[in-house]
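Both ligands and their constituent atoms are indexed starting at 1 by order of listing. Because the structure is predicted, anything quoted here is derived from the model rather than measured.
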Amino acid sequence: MTAVDLRGVRIFPGYLDHGQQVEMLEALREVVRQAPFYHPVTPGGRQMSVRMTAAGQFGWVTDRTGYRYEPRHPEGMAWPAIPEAVLAVWRDVAPEARLLESCLVNYYGEGARMGLHQDRDEADFSQPVVSISLGDEGLFRVGNVERGGKTQSVWLRSGDVLVIGGAARLVHHGVDRIKFGTSPLLKDGGRINLTLRVVT
Ligand code: SIN
Ligand code: MN
């Protein structure tokens with residue numbers, strides 16, 4: 001499958017077909033049943049507009065104490081296992097990478113967004129970040145490794161996969177808005193983004 005380059009971020013449009021998206025969603029339902037979505041709060045005390053949960057050895061969490069990876073959900077349970085369909089995407093688009101340790105699950109309801117940021121809470125920046133989009137379209141913005149400067153945006157659709165690695169591993173990125181109700185995948189609308197990472 002050919003990738004589109006956006007400032008060093010590799011985009012695989014339509015990587016998952018509809019059947020594969022439905023299958024992944026089914027597996028995620030089980031993850032969410034065991035580890036429910038919660039509303040994260042930034043260290044500054046603001047509630048994030050996305051809801052989060054995770055699978056794998058570690059989940060990224062934020063609260064008044066700060067940003068970090070934790071082996072447990074804020075409610076105390078261990079994170080569920082990463083679904084096989086998710087592991088398969090990781091192995092395919094990042095064949096050189098180490099074993100996947102974390103699958104963060106973000107849910108964007110109507111009006112949710114994610115400000116421009118870098119993924120830098122991991123120990124080994126030689127390892128890529130892989131992201132999978134499911135459901136409604138999201139406007140993804142990519143900037144630079146340094147703060148500021150030009151940015152470029154692309155609408156991510158259900159089934160699209162990104163690899164944020166190599167020289168682009170620390171680029172600033174975010175989601176400005178979603179087009180609520182543009183995909184029939186999630187019964188009640190919204191967007192799910194899976195972010196796959198090696199943490200240690
Ligand atoms: C993230 O950067 O954590 C999420 C990106 C996305 O939702 O596409
Ligand atoms: Mn990120």
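- Salt bridge annotation for R169-E122: present, with a cationic side-chain nitrogen under 4.0 angstrom from a carboxylate oxygen.
- Summary of contacts: the protein heavy atom closest to atom 8 (O) of ligand 1 is R191 NH2, 2.8 Å.
- The protein heavy-atom contact nearest to atom 7 (O) of ligand 1 is Y108 OH, 2.5 Å.
- Looking only at heavy atoms of the protein, atom 5 (C) of ligand 1 is closest to N193 OD1, 3.7 Å.
- Note: F58 and W79 fail the aromatic proximity criterion, with ring centroids not under 6.0 Å apart.
- Near V175, meaning under 4.0 Å from any of its heavy atoms, are these atoms of ligand 1: 6 (C), 7 (O), 8 (O).
- The existence of a salt bridge linking E84 and R91 is confirmed by a sub-4.0 Å separation between a basic side-chain nitrogen and an acidic carboxylate oxygen.
- Residues V50 and M114 have side chains in contact (heavy-atom distance under 4.5 Å, counting atoms from C-beta outward).
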Run the side chain to side chain contact (heavy atoms under 4.5 Å, CB included) test on F140 and L162 for me, step by step, so that the C-alpha distance in whole Å, both residues' side-chain angles and the decisive distance to 0.1 Å come before the verdict.
CA-CA 11 Å; F140 184 77; L162 307 184; 3.5 Å; yes
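- R191 forms a cation-pi arrangement with Y108, by the criterion of a distance under 6.0 Å to the ring centre and an angle within 45° of the ring axis.
- Under a hydrophobic clustering in which Ile, Leu, Val, Met, Phe, Trp and Tyr are joined whenever their side-chain heavy atoms come within less than 4.5 Å, directly or via other members, W155 and L16 fall into different clusters.
- At least one N/O-N/O distance between H173 and ligand 1 falls below 3.5 Å.
- The existence of a salt bridge linking D63 and R68 is confirmed by a sub-4.0 Å separation between a basic side-chain nitrogen and an acidic carboxylate oxygen.
- H117 and H172 have their aromatic ring centers separated by at least 6.0 angstrom.
- Of the protein's heavy atoms, M114 SD, 3.6 Å lies nearest to atom 1 (C) of ligand 1.
- Residues satisfying the ring-ring contact (aromatic ring centres under 6.0 Å, His included) test with W90, not counting sequence neighbours, are none.
- Of all atoms in ligand 1, numbered sequentially from 1 with element shown, those under 4.0 Å from a heavy atom of H117 are 1 (C), 2 (O), 3 (O).
- Within the protein, the number of N/O/S atoms found under 2.8 Å from the Mn ion (ligand 2) is 3.
- Residue-to-ligand polar distances keep D119 apart from ligand 1: every N/O pair is separated by 3.5 Å or more.
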